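From a predicted model like this one, the values you see are computed outputs, not experimental measurements. Atom set for the values below is all heavy atoms of this structure, side chains included, hydrogens, waters and symmetry mates excluded.
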Amino acid sequence: MTHGTRTKLKLLVVDDEPDNLDLLYRTFRRDFEVIAAESAIAALQILEQQGEMAIIISDQRMPEMLGTEFLSKTVDRYPDTIRIVLTGYTDVEDLVEAINSGKVFKYITKPWNPEQLKSIVQQAAETYQVLKQRTNELRRALRRESLFNAMTTAIRESLDYDSILHTVARTVGQTFGASRCVLRPVEDDCLVPEAFIYQEGAQECQDRQQTLSDTTDDPLMQMTLQTRQIQTAQGHAGKGFQFVVPFIYQQEFLAVLSLDRGAIEPPWSTEDIELIQGVADQAALALSQAKLYQRTQEQAEQMRAELAVARQIQGNLLRQSLPDLDGMKVQACCFPAREVGGDFFEVYAHPQGDIWLAVGDVSGKGVPAALFMASAISVLRRELSQEVPPEPHLVMQNLNRSLSEDLVSTNCFITMVLARYSPSTRQLVYANAGHIYPLVWSSRNVAAQVAAQGSSLVEPHYLKVRGVPLGILPIWKAAAGSMELNSGEVLLLTSDGITEATVATAGNGAGNGGTGTLPTVTAMLQQAGLWQMLMQEHAPLDLSHLLSRIRSHNTIQEDDQTILSLEVL
């Protein structure tokens, strides 16, 4: 039973005998708010007017309706009510059925023992309170989960940081019945000059710039910002209620949320305030993630812009136009796999008449490789621009000496082929630092041999003299190779992005299911495959066309691709 100043539970007693009603009223009036009804019909009317009762005590035999029948009518609408039946006869079949179906808690026979009745009613009151407490806890938990799910769904459907701020203001304002909800982001522990506002009756958040003056100097929001604590205020002169909560995640102050209610509306309950705090914690996490994502996107955009400039600068480092040479034709193409890359080429016509050709590949990709590529070109051009440039293998030694310390410290290396062609003597001298073998062939002889023997029997001349890559050893040493390059012959230099490209070829199996068609096989091109593609090219040689054929097999370019040719006419 209830005691002291606590609110009394409601007890409805129903009996068609006035004396019994009076006795029950006097027995429980001190501990309960007792309401009496002389019939089941009158009791149903009272329930309709006053709502749920904690306990109903009903006589079983009444002229209009049996007690168990009356009580069964209250089950669906008031499932938590505890029901007790008073009966004066011994046939208890109806009571047993009612008890088994959960419609009746206890039954007491007339005349009843007052102490026994008090004990049963006290037990009923305690049962009701426990049941009500658990029901309320479950309801709060379900409401909390439903609210959090709604908030999470709404936030996930938002596309960006500003959209999430709009969504939080609107969702919280609508869910908790606020006449106005203002969300102010915080930067460096200061309120930013923009507000996201939900106004009751509006279909969506109003434009934040139009209502900025109403929120700039809100003292309660400033107090929340200073104390990092929830602030509440009951307005005067009809201003209503205000509730302000901070959004903080891992000590970072992200935003301040203010909810307003009119003076004629009730203030938020303790349960609502706890729910708002929980929503604030969840929203703070979402805002933190959105803010981090926004910063990441901004940094990525800035990085893309910087890389675009770097790509342009790197492209300018390579020869934008190739020299027109008497009796010779030079072609070159270079495509980095990323915005910038580590491949490079050089074509330098020395004033004394020699033609210098180079193709290099810095290990790795991206910005680090591009920086070494720029350094390598700078040192190479310094060496070649001398009045009398050193021999190709000595140029390699000088390159290694200038770059090896930085290359070793960053675990990088450079593969490179450097060749010097002297038109007056038709002498080709080259040095190779761990790079792919250069190819030399005579376009005239190859055409004749293909016509006579077939392309599968024709092989180019591979220049196989080479040493280790630059940046591996403190002192680079390797012999130089040499040969004559006569009219009609072609020198081809490539990077491994060409020979390691994956291309589709016809397989050598028996076909698909006996249809006679050969299955398509993807494989690394390698130098042999490159040579076969060169044999399929129509004269004159066009490196742009050749490279476009190779690139057409790959939707994603995995490595920088560079190719350079010198054709003696």
Does a donor on one side chain and an acceptor on the other come within less than 3.5 Å for Q133 and Q129? no
Are a donor atom and an acceptor atom from the side chains of N20 and E17 found within less than 3.5 Å of each other? yes
Might you work through the salt bridge (charged side-chain N to carboxylate O under 4.0 Å, His left out) test for D189 and R228, ending with a clear yes or no? CA-CA 10 Å; D189 290 333; R228 292 179 166 240; 3.6 Å; yes
Hey, what do you get for CG (L71) to OG (S58), rounding to the nearest 0.5 Å? 5.0 Å
Test item: side-chain donor near acceptor, S495 and D361, under 3.5 Å: no
Side chain to side chain donor-acceptor pair (under 3.5 Å) with E301: of Q297, Q299, R304, only one passes, and it is R304
Rounded to the nearest 0.5 Å, how far does CD1 of I35 lie from OH of Y25? 10.5 Å
If you measure from CG on D559 to CG on D343, what distance do you get to the nearest 0.5 Å? 6.5 Å
Separation of L117 CG from I108 CD1 (nearest 0.5 Å): 4.5 Å
Does atom NZ of K291 have more than 12 heavy-atom neighbours, drawn from other residues, nucleotides or ligands, at distances under 6.0 Å? yes
Answer yes or no: does atom CD of E38 have more than 12 heavy-atom neighbours from other residues, nucleotides or ligands under 6.0 Å? no
In this structure, CD1 of I55 is separated from NZ of K106 (nearest 0.5 Å) by 13.0 Å
Applying the side-chain contact (heavy atoms from CB on, under 4.5 Å) criterion to I84, which one of V104, L11, V121, I56 satisfies it? V121
Measure up the W268 and F243 rings against each other and bin them: parallel (under 30°), tilted (30 to 60°), perpendicular (over 60°). tilted
Between atom CD of Q557 and atom OG1 of T502, what is the distance when rounded to the nearest 0.5 Å? 12.0 Å
Atom CD of E558 with >12 non-hydrogen neighbours under 6.0 angstrom: no
